[in-house]
Amino acid sequence: MNRKLWENLASLYGIHAFNYLVPLLTLPYLARVLGPEEWGAFAFADSYARFVSLAIEYGFGLSATRDVARSAHDSLARGRQLSGVFGAQLLLGAVALAITTLFARFMPIFASHRWLLPGAFFLAMSQGVSPMWYFQGIERVRLMGALWILGRFLGVGALFVFVHSRGDGPIALFIQGLAPFVAVLAGVLLAYRDTPFFWPSIRRGWMALHSGGALFLFRAGTTLYSSSNVLLLGLFAPPVTVAWFAGAEKLARGAIAAWGPINLVFYPRINHLMATDRIGAERAARWSAWLMMTAGLGMGLAIFSSAPLIVRLALGSGFEPASRVLRVMAALPPLIALSNVLGAQWMLALRLDKELNWIICGAALINLAGAFTFGRWYSAIGMATSIVVAEAFVAAATLVILRMRKLEPWRTAPAEIAA
């Protein structure tokens, strides 16, 4: 728990505060200016952008961060990793552009709100190609964090200046993409000041895709049960219902972001310690678990007890049904806190990628089944229930596997494993 870790934690809290709290601050304005129906279409496009950005990111926030953390003193290796990741993301971006063009014809909401698609794709690319994984791996995120915060601050001002009517949803999407776009340009320049320059390489890109494939399955499965429900609901529900669900989900996810920086800071630290000090890695994981579970329980209780007030203040009139959805989602903060510590931090550090992928794929299937049954029968409430059941499955399954193998982070490692 040295000074560098605390500095990185403070920087990532600044980034996450602006990534999640700024949308929560602009949410009341956009919901009122666009109205429930147009804001529902906007939320659908925003959800699509985040879904595509996670595909372009491809899990490099886990796989590449882990590799960089373990080659922190080899600048040549880090330069090749940058070249490979950027080459892979160019390939993924081309595929995403083709899919986005197809969606313009075949998805009902995009067919009636076609001008939302260019902004959604720009937002997806700006967020997906962020080199933040590199700075997390070398545990130097302070300057990158400052650039990201500045971009978000300017974006908020632009929203209030340029978005005034119900037809301004496409402008709002482009503005949301500008902040990460500027941070990406600055981040690339900063990264290549620290390493030898290699052009993005298709060959290295294929290698990066292959090496991060297992963790991409992890991220893809996670996305299917955590970030795709607005898209799924939009397939068979009107925009107003999508707006109620999306509003509640944004509020719940904003609360969950409270411990996001803890997860991002401890992940490279635990991976670094696993190679040098197993007992120290367990100690770091216990610290992370204590911090994240405290935050998760507190957030869950606050959401459940104050859901009607939160919805009234954040979303305004026309969104009252979202309070019932938000109360169902109050179970998410403690469940996700537990699964993040045991899964994303500890199981990945132990190289239990395959086991974790099976858990995530199971949760994705549970969520899909719930979405097309509970979601279709009970609309927004059913979709929220589907997410909670999937997250509970992940938390329980990670705990069971670690207990079966006697690898819990609170269990002292045998002397031969520590050696």
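Here the structure is a predicted model, which means the values were calculated and not measured.
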Participant: Taking all atoms of both residues into account, what is the closest heavy-atom pair of G40 and V242, and its distance?
Facilitator: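 The pair with the smallest heavy-atom distance is O-CG1, 3.9 Å.
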
Participant: Nearest 0.5 Å, what's the CD1-CE distance between I336 and M299?
Facilitator: 13.0 Å

Participant: Mind checking the CG-CE spacing from L356 to M347? Nearest 0.5 Å is all I need.
Facilitator: 5.0 Å

Participant: Which is it for V188 and L82 under the side-chain contact (heavy atoms from CB on, under 4.5 Å) test, yes or no, and what are the steps along the way?
Facilitator: CA-CA 9 Å; V188 169; L82 281 166; over 6 Å; no

Participant: Can you list the residues that meet the salt bridge (Lys or Arg N to Asp or Glu O under 4.0 Å) rule with E38, with sequence neighbours excluded?
Facilitator: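 With sequence neighbours excluded, E38 shows a salt bridge (Lys or Arg N to Asp or Glu O under 4.0 Å) to no residue whatsoever.
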
Participant: Between atom CD1 of I359 and atom CD1 of I401, what is the distance when rounded to the nearest 0.5 Å?
Facilitator: 3.5 Å

Participant: Can you confirm whether T398 sits close enough to W346 that some side-chain heavy atom of one is under 4.5 Å from a side-chain heavy atom of the other?
Facilitator: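 Side-chain contact under 4.5 Å: no.
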
Participant: Which atom pair, heavy atoms only, marks the closest approach of I171 to F162?
Facilitator: CG2-CB, 4.1 Å

Participant: I'd like to check the ring pair (Phe, Tyr, Trp, His ring centres under 6.0 Å) partners of F374; sequence neighbours left out, ordered by chain and number.
Facilitator: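 For F374 there are no ring pair (Phe, Tyr, Trp, His ring centres under 6.0 Å) partners, ignoring immediate neighbours.
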
Participant: What is the minimum heavy-atom distance between I366 and S386, and which atoms define it?
Facilitator: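 It is O-OG, 4.1 Å.
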
Participant: Would you say that M329 contacts I303 through its side chain, given a criterion of any heavy-atom pair below 4.5 Å between the two side chains?
Facilitator: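 M329 vs I303: side chains apart.
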
Participant: Any side-chain to backbone donor/acceptor pair from Y48 onto L117? Under 3.5 Å, distance only.
Facilitator: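 Checking the backbone N and O of L117 against the side chain of Y48, no donor-acceptor pair under 3.5 Å is found.
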
Participant: I'd like to check F174 versus P118 (side-chain heavy atoms, cut-off strictly below 4.5 Å). Are they in contact?
Facilitator: yes

Participant: Got a donor-acceptor contact below 3.5 angstrom from the E320 side chain to the G318 backbone?
Facilitator: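 Yes; judged by distance alone, with no hydrogens or angles, the pair exists.
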
Participant: For F372, is the CZ atom crowded, meaning more than 12 foreign heavy atoms sit under 6.0 Å from it?
Facilitator: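 Atom CZ in F372 is packed in, count exceeds 12.
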
Participant: Less than 4.5 Å apart, side chain to side chain, heavy atoms only: is that true for R312 and S323?
Facilitator: no

Participant: Would you indicate whether the side-chain heavy atoms of D168 and V33 approach each other to under 4.5 Å?
Facilitator: no

Participant: Checking F86 now: which residues fulfil ring pair (Phe, Tyr, Trp, His ring centres under 6.0 Å) with it, not counting sequence neighbours?
Facilitator: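 Applying ring pair (Phe, Tyr, Trp, His ring centres under 6.0 Å) to F86 gives none.
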
Participant: Rounded to the nearest 0.5 Å, what separation is found between the CG atom of L123 and the CG atom of L178?
Facilitator: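 Those atoms lie 10.0 Å apart.
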
Participant: I need the minimum non-hydrogen distance between V230 and S47, along with the two atoms involved.
Facilitator: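 Scanning both residues, the minimum pair turns out to be CB-OG, 3.5 Å.
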
Participant: Could you give the distance from CE (M125) to CG (L90), rounded to the nearest 0.5 Å?
Facilitator: 7.0 Å

Participant: Going by the angle between their ring planes, with limits at 30° and 60°, are F181 and F122 parallel, tilted or perpendicular?
Facilitator: tilted

Participant: For a 4.5 angstrom cut-off between non-hydrogen side-chain atoms, does L315 reach W244?
Facilitator: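 A side-chain contact is absent here, since even the closest heavy-atom pair is not under 4.5 Å.
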
Participant: Kindly give the heavy-atom pair with the smallest separation between K250 and D46, and that separation in Å.
Facilitator: NZ-OD2, 2.9 Å

Participant: Can you name the residues that form a side-chain contact (heavy atoms from CB on, under 4.5 Å) with A392, not counting sequence neighbours?
Facilitator: L335

Participant: Between L350 and R405, is a side-chain contact (heavy atoms from CB on, under 4.5 Å) present by the stated rule, with each step listed?
Facilitator: CA-CA 11 Å; L350 292 169; R405 299 196 176 197; over 6 Å; no

Participant: What distance do N367 atom CG and N229 atom CG have between them, rounded to the nearest 0.5 Å?
Facilitator: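 These two atoms lie 4.5 Å from each other.
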
Participant: What residues, two or more places apart in sequence or in another chain, satisfy side-chain contact (heavy atoms from CB on, under 4.5 Å) together with S288?
Facilitator: I262, F266, M292, V341, Q345

Participant: Please give me the minimum heavy-atom distance between W290 and T294, naming the atom from each residue.
Facilitator: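 Here W290 and T294 meet closest at O-OG1, 2.7 Å.
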
Participant: Does Y378 have any ring pair (Phe, Tyr, Trp, His ring centres under 6.0 Å) partners at least two apart in sequence or in another chain, and if so, which?
Facilitator: none

Participant: Would you say that M383 contacts E249 through its side chain, given a criterion of any heavy-atom pair below 4.5 Å between the two side chains?
Facilitator: no

